[in-house]
Amino acid sequence: MEYKNTLNLPQTSFPIKFNFKDSEPRLLELWDGGNIYESIQKNGKEKYILHDGPPYPNGDIHLGHALNKILKDIVVKFKSMEGFRVPFVPGWDCHGLPIETQLLKELSVRRSSLSVYEFRQKCREYALRYVGMQKEEFKRIGVFGRWNAPYLTLDPNYEAGVIELFGMMAEKGYVFKSLKPIHWCPSCETALAEAEIEYEDDDSPSIFVRFSVKNVSGNKHSSVLKNGSFIIWTTTPWTLPSNVAIAVHPDFEYCFVEHEGHIYVIAKELIESSAKSMGWTDHKITGSAKGAEFEGIVCAHPFMDRESLVVMDEFVTLETGTGCVHIAPGHGEEDFKVGLKYKLPIVMPVDPRGCFTDEVPFLQGVHVWKANPIVLETLKEKGALLSSEKMKHQYPHCWRCKKPVIFRATEQWFVSVDHDGLRQKALKEIEKTKWFPAWGQNRIGSMVEGRPDWCISRQRSWGIPIPAFYCKKCGTPNFKGEFNKAVAAMVKKEGTDAWFVKEAADILPKGVKCVKCGAAEFEKETDIMDVWLESGASHFAVLKSDVQTFDWSADLYLEGSDQHRGWFQTSLLTAVSAFGKAPFKAVLTHGFTVDEKGKKMSKSLGNVVDPQQVVKEYGADVLRLWVASTDFRNDMAVSKNILKQINEGFTKIRNTCRFLLSNVNGFDPSKDRIEYEKLLDIDRYILMKFELLLDKMRRSYDSFEFHAVYHSLYGFCVNDLSAFYLDVIKDRLYCDGSGSVSRRAAQTVCFEMLSGLIKAMAPILTFTAEDLYSYMEVPGKKTSVFLEKLPDKNQKYMDKTIEKVWDRVLQIRAEAYKKIEGLRASKEISKISESDIEISCNKEDFSVLNSMAGQLPQIFMISSVSVKQGQEFNIIARKTSNSKCERCWRYLPDVGSNNDHPTLCARCADVVKSKETL
RNA sequence: GGGCUCAUAGCUCAGCUGGCUAGAGCACGCGACUGAUAAUCGCGAGGUCGGUGGUUCGAGUCCACCUGGGCCCA
């Protein structure tokens, strides 16, 4: 019992219990108070710019936000610890419809009861409130950044940047105004971007309508079709008043179908399904023709005093309907395109609230959602309604109010994607950019290839105004040159609020004249910009305006894969149009968070994981470790189970480091370090493994494969350290003389690995690394681990011969343990250390084992190992006859060899004696 | 409906350009230790590599189709 006091047992004040509730706030304080982020900005190597994509401040951060910022933080810290200067300026996307809607809900007031200016003040307060909240939440999970000066899209400087960029794009001719059908929310009374649309199932009417042929003169089928009809199918009867054409596919085969003495045109493949819908049983086919042969036929609109032209369009499909498509250019994207081709009129009898105008007398004042029954009634009266059913299908809805939206032609502002080859230039820039994963290039490429012009106007208040002035005399919009400069200058000084309180005359310098007619009186535009234009301008408003911190083009953009359509694309388009170059050199995307079964998180499924909850339960490092542990290129699964598992992994890493720490207690590296050449083989072996680990970790960080960083780190802790090296060297550490070379050698290795591990894990296990670092006694210690550099490569450790020999020894060790397990199972022994083994093996193995015969008992942690050459590899294990040393607990033949200490082995007796003489 | 993408043990991941009985760790089961102890060690049992078909002497790895998930669009 008293011999225990002669051991060098591990000792540390680093708590075994993970008290993150105490330690994490303390470390946050250290980083904040010590200005650690500011300090790492003094790094000498070149800049590495990770440009933050701004989240939307309208709630607590969710797991996706946490995931995104943690990934960025890992990059920032890794690059920084490699010596780069890595400025990270977090941003927020503060304007936009969501805040307006949410605010109106909170205030429970009508927007009309406030002036635009007052309303905008409330919006600003709202946005800033959540910016403040989210900022704290991001800081809490250990994210480093310029938190005291983030970029906000509502800052006058930022706003002015957007206005200027708009001016540059306008100057180059990319900005234009045009009538165009766009998604329109009649409830919010605003145009919606594609990003603001959600598709949901809706019940719609499904009707077949007859359009009688009015004029077929000159057509080769005139005799057949003279009294015939085309049948169209639609799910939006309310758009029929705006019908101006019927589209058929030029290549499809259409049949003349006779029913009750009347001839109808239907695509061949759709006759049966259509007939079924219309309840036809006795129809017959009397002939057929290619769609192209119908071009130019004129039909009569079933109830409007208007003609409906038969036109050709390739987008017509054979999925549903009749193959003859109702065309209303004011109410559909494709319709509009066909309309342009055939110069069809854009009939648009629906006002902003969704009510019909007097253009359709019998529907005047009726809301589109109430118009369907009236239209159906009218069709019935005219005998044009052939069938009416209900069907469920996906219909676009407003992302905010969740109500269905309509297509409506309005005057809108656009960025032309094809002006001056913008699309092609953008595609070129996409090719020049590095995409992680590589398929991102194809994804964004095909999106850019097929995207329509970008509608950048919104009929709202909370945003940056479209800086245009309408000439009071001729109506021409003026938005370039001095008009733009005047607005930019004003906004820089007073913010965009000024736009909403000042008159045009107060904004513009005296003497400005309309570019068209030369008149001098103007009216301000009332539309604001799409928020995607604002955030897409960040490369200019942030990176370009702050040349001290940044170079213009960022090294990396890192966002979810949804941003291929969103921010990556809007950033690209604004940058290429204004500067001819992509604003990023590389783009990294991550997947989305899903539950254990791979389903997306939703409140209704009840599978939402809240990051603050994770932080509360496990601490921020476990959340960070989850981020690192999962391959983020795919979807990332989280659940209670998974977090529990991550927490176990975390504990293992933490305990392994704690154990290392507790064993270098009293070790002064400047005095006690043993040089490499004097280390034991096993020490050099583990150092080599450690070197391999560091190399793997560095490479994985570098290629953004953080899950590989985690798995290799974790595997090293579990397999190489905990289950092998640390277990083996306990004997040396505890039982050898405290200042002995053998113990100091082990400590040297422990110290080396601990300090290396701490640094290598720091980008991920930010808190734990800093915590451990604070407990270490290192010469030249910094105030933070983040001021350290990652360990350099150490070629000296890469001893390949050692690796080969020891890998084999460990294999044999594993074999031996299987055999020994048999002894334990039969209750002959209870501990592995009670066993002797005899190995017979081939010449090669023999020479390996024999060369280290003396060390084998320690390496195997058993009583004795004998080795002989034999035909077959075999291991025999039996209970040892040696007695147990009371001090080191090993079973050794020399126990009792010293009369003064009859219960000790020779080594322990020596150590105890030398202590006594002290 | 279209584009892109993913699918290896209960979980997180390996498995490079196709080649021995598909690997780790965790969780699980059994056992040991009590000198890493709200720890640690040993052993074991888990997979027809989402499905079908094909190319090949040979496929988790290549091709086609299907199923299911995700993102984006309609």
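Below, chains carry the letters A, B, ... as their sequence lines are ordered, and counting in each starts from 1. If you're wondering where the values come from, they're calculated on a predicted model, not measured in any experiment.
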Nearest-Å distance for atom pair CD1/P, residues A:I182 and B:A74
13 Å

Report the distance from atom CD1 of A:I653 to atom P of B:U40, rounded to the nearest whole Å.
12 Å

Glycosidic torsion of B:G46 (syn if within 90° of 0, anti otherwise) classifies it as syn

Can you check the A:F18 CZ to B:A38 P distance for me, whole Å?
16 Å

Nucleotide of B:C33, B:G42, B:A38 approaching A:K17 most closely (side-chain heavy atoms):
B:A38

Would you kindly give the NZ-to-P distance between A:K730 and B:U40, to the nearest whole Å?
10 Å

By the Watson-Crick or G-U definition, both distances under 3.5 Å, B:A14 is matched with none

N/O (side chain, A:K827) to phosphate O (OP1/OP2, B:A32) under 4.0 Å:
yes

Return the nearest nucleotide to the side chain of A:S722; candidates are B:C41, B:G25, B:C71.
B:C41

By the Watson-Crick or G-U definition, both distances under 3.5 Å, B:A59 is matched with none

Of the candidates B:C71, B:A39, B:A14, the side chain of A:F592 sits closest to B:C71

With distance as the sole criterion, do the side chain of A:R565 and the base of B:C72 form a donor-acceptor contact below 3.5 Å?
no

Picking from B:A36, B:C41, B:C6, the nucleotide nearest the side-chain atoms of A:A723 would be B:C41

Between A:F650 and A:F18, is the ring centroid distance below 6.0 Å?
yes

Which nucleotide in B:A39, B:G35, B:C26 has an atom nearest any side-chain atom of A:N655:
B:A39

Just the rounded figure in Å: distance from P of B:G70 to CG of A:N607.
10 Å

Applying salt bridge (charged side-chain N to carboxylate O under 4.0 Å, His left out), run through A:D695 and A:R699 and close with a yes or a no.
CA-CA 6 Å; A:D695 186 54; A:R699 281 186 289 118; 3.1 Å; yes

The side chain of A:F659 is closest to which nucleotide in this list: B:U40, B:A32, B:A36?
B:A36

Once you round it to whole Å, what is the distance between P of B:U37 and CD of A:Q11?
12 Å

Between the base of B:C71 and the side chain of A:R443, is one N or O donor paired with an acceptor at under 3.5 angstrom?
yes

Proximity to the side chain of A:D631 - top-ranked nucleotide from B:G35, B:C43, B:A14:
B:A14

Write down the partner of B:G29 under the Watson-Crick or G-U wobble criteria, each distance required to be under 3.5 Å.
B:C43

On RNA chain B, more 5' by nearest nucleotide between A:N634 and A:K599 is A:N634

In whole angstrom, give the distance that lies between atom CG of A:L757 and atom C1' of B:A36.
16 Å

Rounded distance (Å) that lies between atom P of B:C30 and atom CZ of A:R824
15 Å

Ring centres within less than 5.5 Å and planes less than 30° apart: is that true of A:Y714 and B:G25 in this structure?
no

A:W567 and A:Y557: aromatic ring centres closer than 6.0 Å?
yes

Given the structure, check if the side chain of A:E648 and the base of B:C26 hold any donor-acceptor pair shorter than 3.5 Å.
no

Out of B:G35, B:G3, B:A24, whichever nucleotide has its closest atom nearest the side chain of A:W889:
B:G35

